[in-house]
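Hydrogens, waters and symmetry mates are skipped; everything else that's a heavy atom, side chains included, is used.
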Amino acid sequence: MKRKQEKDKQENYRQENYRQNKIISIRTKLLGIILPAVIIIVTVLVGISYKISRTTMENTAQNLLQTSVENQSSEIEAWLNANLSALGAVKQSIETMDMTGVQLQQLLNGYYGYNNNFPQGLYIADASGTMMTADSSTKTESDPTNTVWYQEGMKRVNMGFTSAYTNADGEAVISASGILNDGSGSLKVISADLSLQKIGIIVSSLVSMEQAQAFLVDSKDLSILAHRDSSLVSAKLDESQDVFLKDVSERLKEDELSTAQIDGNMAAFAEIVGTDWILVSYIPVKVIYRDVDRIRTAMILTGILSVLLLGILIERVVYVVIRPVRGLTKAIMAMTEGDFTVRIETHSRDEIGVMGRCMEKYAHTMRSMIASIHDVSGRLHVQAGNSNDVSGQMYDASKMQSASMQELNETVEQLSISVNEIAQNATTLAMVVADTRENSVQVNDRMRETVEVSQKGKADMQNVGSAMQDINESVIRLQEAIGKVGKASEEITNITNVIGNIADETNLLSLNASIEAARAGEAGRGFAVVATQIGQLAQTSADSVHHIEKLISEINGLVRDAVSQADDSVGSINHSSGLVNGALHTFDQIFDNIDMVSTLVQQMIGQVEQVDGVASNVAAISQEQAASSQEILASSDTMVEQANHITDNSKSVASGAKELTDSAVELAHQIEIFKIGEDIS
């Protein structure tokens, strides 16, 4: 049942593979390759031919157009020169014949209507503005000296053409004018008008190419002198709305007169010798390429017809050539389905015949090979079954070993983690104890400094107490000195009072002496002077006594203040002495406490050093145990990895044995597909 399902599955696979890889015949492939190549070649040939024809036609058209415009310019030059020669002959006749006014008028009358090119004949004007014309002429000028023909004629002796202008009658003309020396001694200008319309007819009539057009331009001001469209005459090229005319004006401004394609037209340029005129001849490009387009259409139709005929011929040739391949293809398809009982018969001696004979030999070889493989697959199936059983047993044993090694590895890993934690904690403890030891040493140093400072502070406080006692005694002596000063000031006051009384009595005596001297008259004058001086001395003494009394009074006030302040200072000093004595007692207690703390710190330092030694030993032992546990864990990991590797290899061997068994079965099923018949020798 299982073998039948395998066959059905393979059959479905072959059919699906056939549907996905549909056969495409060689004839179709060859036609698919050759026909596009032929179409491309024909298309390229048609394109190249069209390009060459177009280029040739374009060059021919350029040459024809250039030749045409040159012929036109030559004809216009000849026409202008003929008219200029005729007018020059008339001017020369007038200058050589010494005509009178009547004769000159007759000459002008004779040339009126004589030539269609200048139907108004000739006319003459002098510097005063006097103008002579034929009697029948209608030409009039209000101020001849300001006209174009007169001003330009004054610039040349021989007859020459002026620029185009519009005359008084509103007609676009050019004039042939020059200085006339008729022997009268007056400066004159002789001129004749040629209509631009006439020139336009000449320009248009001389075009030799079909559908070509031409117009004449004055290169000075870009005005149109002649054109088939009379409304454009005298118009400015650069002011025109026509794109072609604008492009022509740009080329004329740049003095670019070579043949070129401008706005869908092929244009040629030619200068009119002796003038500032430029003849422009042009023809639409589509007219030039009209014949080329017809040739292109004919070539395309011919190419399509050629491709169709070649396609039919190629199809027939391919069919005849590959017909023997069909039988060979059927035989190969049968062999791809596993049927090697087919027989390939071929009689041709070309490559296809050689291929058929080789395929027949290949089928015979394959029949022998498949029969041998069938025998080998049977033996392989038995050996693969034995290998599959052994590999299964190996795989089960390796799985048990791998599980045991995994459990051992997990136990060792937990032990390693615990030892690492102990080592880390011991290291941390050692670090903390070391830090504590360093801190206790620093504390001991600070305590020694504190003891020394407290001893110094105690000595300083004792010195402060002694100084306060000395200050107290000095203040007491100051009080006694101030008391003596007060007593001395009282004695001075008593003395000044006695001196004051003496001064008052002396002053009275001086007054009495003065009175007596006055009574004595002249004899007492000397005594009066002495009495006066004594009075003044007594007054001075009295003033000094009063001043001294005032100073003594101020000194007494200061002494009283000093005594009061001294009393206050004595009270403050006595209070400060009491505070210093209290501070000194407090310093004694602090010093005793600090001394006791220093002793305790010394003891603590000794104990910390003992703990530091123990912690360092514990940390070293813990690190050694952690290193050992890491080595054990690494070894365990290696063993687990090897056990897993063995398990994987066992699994691979088991899987390979299973696949070998399946392959042997599959090979047997595949061999059964092939049909080799009974004769395999």
Quiz question: by atom type and distance under 3.5 Å, do the side chains of Glu75 and Asn71 form a donor-acceptor pair?
no

Here the pair of heavy atoms bringing Ile179 nearest to Lys91 is O-CE, 2.6 Å

>> Between Asp238 and Ser249 (side chain of the first, backbone of the second, donor and acceptor by atom type, cut-off under 3.5 Å), is there such a pair?
In response: no

One should read off an interatomic distance between Ile94 CD1 and Met99 CE, to the nearest 0.5 angstrom, of 6.0 Å

Distance col, row Ser136:OG vs Leu108:CG, nearest 0.5 angstrom, shows 11.5 Å

- Message: Just checking Lys51: does its NZ atom have more than 12 heavy atoms from other residues, nucleotides or ligands closer to it than 6.0 angstrom?
- Response: no

Nearest heavy-atom approach of Phe269 to Gln66 is O-NE2, 3.6 Å

For Thr133, is there any backbone N or O sitting under 3.5 Å from a side-chain donor or acceptor partner on Gln105? yes

Q | Evaluation steps, side chain to side chain contact (heavy atoms under 4.5 Å, CB included), between Gln151 and Val189 | A | CA-CA 9 Å; Gln151 292 180 354; Val189 173; over 6 Å; no

Test side chain to side chain donor-acceptor pair (under 3.5 Å), reference Lys188, set Asn181, Asp182, Asp126, output is Asp182

Return yes if a side-chain donor-acceptor contact under 3.5 Å exists between Glu141 and Thr147, otherwise no.
no

- Check the surroundings of atom CG in Asp143: do more than 12 heavy atoms from other residues, nucleotides or ligands lie under 6.0 Å from it? yes

Is the backbone of Ser163 close enough, under 3.5 Å, to the side chain of Glu152 for a donor and an acceptor to pair up by distance? yes

Worksheet item: Is any side-chain heavy atom of Leu122 less than 4.5 Å from a side-chain heavy atom of Leu107?
Response: no

d(Leu216 CG, Ile76 CD1) to nearest 0.5 Å is 5.5 Å

Original post:
Does any N or O in the side chain of Ser177 come within less than 3.5 Å of the main-chain N or O of Trp149, such that one atom is a donor and the other an acceptor?
Top reply: yes

**Item:** Gln92 atom CD, over 12 foreign heavy atoms within 6.0 Å
**Value:** no

Does one side chain, of Tyr123 or Asp193, offer a donor that lies under 3.5 Å from an acceptor on the other? yes

**Request:** Carefully, step by step, assess Tyr165 and Val173 under the rule side chain to side chain contact (heavy atoms under 4.5 Å, CB included).
**Result:** CA-CA 6 Å; Tyr165 67 95; Val173 297; 3.7 Å; yes

Closest heavy-atom pair, Asp218 versus Ala164, reported as atoms and distance to 0.1 Å, is OD2-N, 4.2 Å

**OP:** Assign the ring pair Phe215 / Phe244 to parallel, tilted or perpendicular, where the plane angle (0 to 90°) is split at 30° and 60°.
**Re:** perpendicular

Would you indicate whether the side-chain heavy atoms of Trp277 and Ile174 approach each other to under 4.5 Å? yes

What one should report as the nearest heavy-atom pair of Ala176 and Met159 is O-CE, 3.1 Å

Tell me whether the count of non-hydrogen atoms from other residues, nucleotides or ligands lying under 6.0 Å of CG in Asp135 goes above 12.
yes

d(Thr145 OG1, Met131 CE) to nearest 0.5 Å is 11.5 Å

Between Ser137 and Tyr112, the two heavy atoms sitting closest are CA-CE1, 3.6 Å

Review point. Yes or no on side chain to side chain contact (heavy atoms under 4.5 Å, CB included) for Glu95 and Leu180, after CA distance, side-chain angles and deciding distance?
Key: CA-CA 7 Å; Glu95 291 176 342; Leu180 179 65; 3.7 Å; yes

I'd like to know if the side chain of Ser219 and the backbone of Asp276 have a donor-acceptor N/O pair within less than 3.5 Å. yes

To the nearest 0.5 Å, atom OG1 of Thr275 lies from atom CG of Leu80 at 7.0 Å

Do other residues, nucleotides or ligands put more than 12 heavy atoms under 6.0 Å from the CD atom of Glu271?
no

Tightest non-hydrogen contact, residues Ala192 and Phe118, listed as CB-CB, 4.3 Å

Review point. Which is it for Val90 and Tyr111 under the side chain to side chain contact (heavy atoms under 4.5 Å, CB included) test, yes or no, and what are the steps along the way?
Key: CA-CA 9 Å; Val90 175; Tyr111 273 95; 3.1 Å; yes

| said: Could you check whether any side-chain N or O of Ser175 sits under 3.5 Å from a backbone N or O of Thr162, counting only pairs where one atom can act as donor and the other as acceptor? | reply: no

Value for CD1 (Ile124) from OG (Ser186), rounded to nearest 0.5 Å, stands at 10.5 Å

